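All remarks here apply to the structure that follows.
Since the model is a prediction, treat every value here as computed from it, not as a measurement.
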Amino acid sequence: MMELTATDYEILKAIATGRVSSGTPVTHFVDYCDNVIGGNPKPLVDAGYIETERNEINGLTEKGKKAYEDHAKQESKD
């Protein structure tokens with residue numbers, strides 16, 4: 001299992017909160033992450049956190065949703 005960074009969580013949050021909508025081309029999402037968040041979403045896609053189909057972002061997988069929700073709960077405690 002990969003260790004997620006704060007940047008990884010920001011990438012998941014961008015999808016979870018709708019800043020990046022389903023149907024966004026992966027190439028646009030990579031550019032967005034690079035320019036706005038400062039990270040690369042490819043490892044998250046490869047590790048199964050982000051659902052893609054036909055080279056488009058389709059939201060978070062169950063694994064991605066759980067990782068994001070767990071992190072959000074931890075942030076609210078801090």
Side-chain angles (χ1 to χ4, degrees):
M1 181 151 176
M2 84 187 258
E3 183 72 31
L4 299 181
T5 66
T7 303
D8 292 333
Y9 287 112
E10 285 303 311
I11 292 169
L12 295 177
K13 183 177 182 179
I15 296 170
T17 60
R19 282 187 288 161
V20 175
S21 59
S22 287
T24 300
V26 172
T27 53
H28 290 194
F29 184 56
V30 170
D31 289 345
Y32 171 83
C33 290
D34 187 40
N35 295 323
V36 177
I37 299 173
N40 180 0
K42 291 270 191 201
L44 294 169
V45 172
D46 293 342
Y49 289 90
I50 299 172
E51 187 177 321
T52 60
E53 187 178 323
R54 292 188 305 277
N55 221 20
E56 294 179 344
I57 300 296
N58 283 341
L60 298 178
T61 62
E62 287 304 313
K63 181 179 179 179
K65 288 176 191 170
K66 180 169 178 6
Y68 170 71
E69 289 166 3
D70 290 349
H71 183 72
K73 284 179 197 166
Q74 188 59 44
E75 272 190 335
S76 68
K77 289 180 187 175
D78 292 343

Run the salt bridge (Lys or Arg N to Asp or Glu O under 4.0 Å) test on Lys65 and Glu62 for me, step by step, so that the C-alpha distance in whole Å, both residues' side-chain angles and the decisive distance to 0.1 Å come before the verdict. CA-CA 5 Å; Lys65 288 176 191 170; Glu62 287 304 313; 3.4 Å; yes

Quick check: does any side chain N or O of [X] sit under 3.5 Å from a backbone N or O of [Y], one acting as donor and the other as acceptor?
| X | Y | result |
| --- | --- | --- |
| Lys63 | Ala47 | yes |
| Thr61 | Gly48 | yes |
| Asp31 | His28 | no |
| Ser76 | Lys73 | yes |

Rounded to the nearest 0.5 Å, how far does [atom2] of [Y] lie from [atom1] of [X]?
| X | Y | atom1 | atom2 | result |
| --- | --- | --- | --- | --- |
| Lys13 | Thr7 | NZ | OG1 | 12.5 Å |
| Leu44 | Asp8 | CG | CG | 4.5 Å |
| Arg19 | Thr24 | CZ | OG1 | 12.5 Å |

Checking Glu75 against Tyr9 for the side chain to side chain contact (heavy atoms under 4.5 Å, CB included) test, could you report, in this order, the C-alpha distance in whole Å, the side-chain angles of both residues, the deciding distance, and whether it holds? CA-CA 11 Å; Glu75 272 190 335; Tyr9 287 112; over 6 Å; no

Side chains of [X] and [Y]: does their closest heavy-atom pair fall under 4.5 Å?
| X | Y | answer |
| --- | --- | --- |
| Ile15 | Tyr49 | no |
| Val26 | Lys42 | yes |
| Thr52 | Asn58 | no |
| Ile50 | Phe29 | yes |
| Cys33 | Asn40 | no |

Identify the heavy atoms of [X] and [Y] that sit nearest to each other, and give their distance.
| X | Y | result |
| --- | --- | --- |
| Gly64 | Leu12 | O-CD1, 4.1 Å |
| Gly39 | Ile11 | C-CD1, 4.1 Å |
| Val30 | Pro41 | CG2-CG, 3.8 Å |

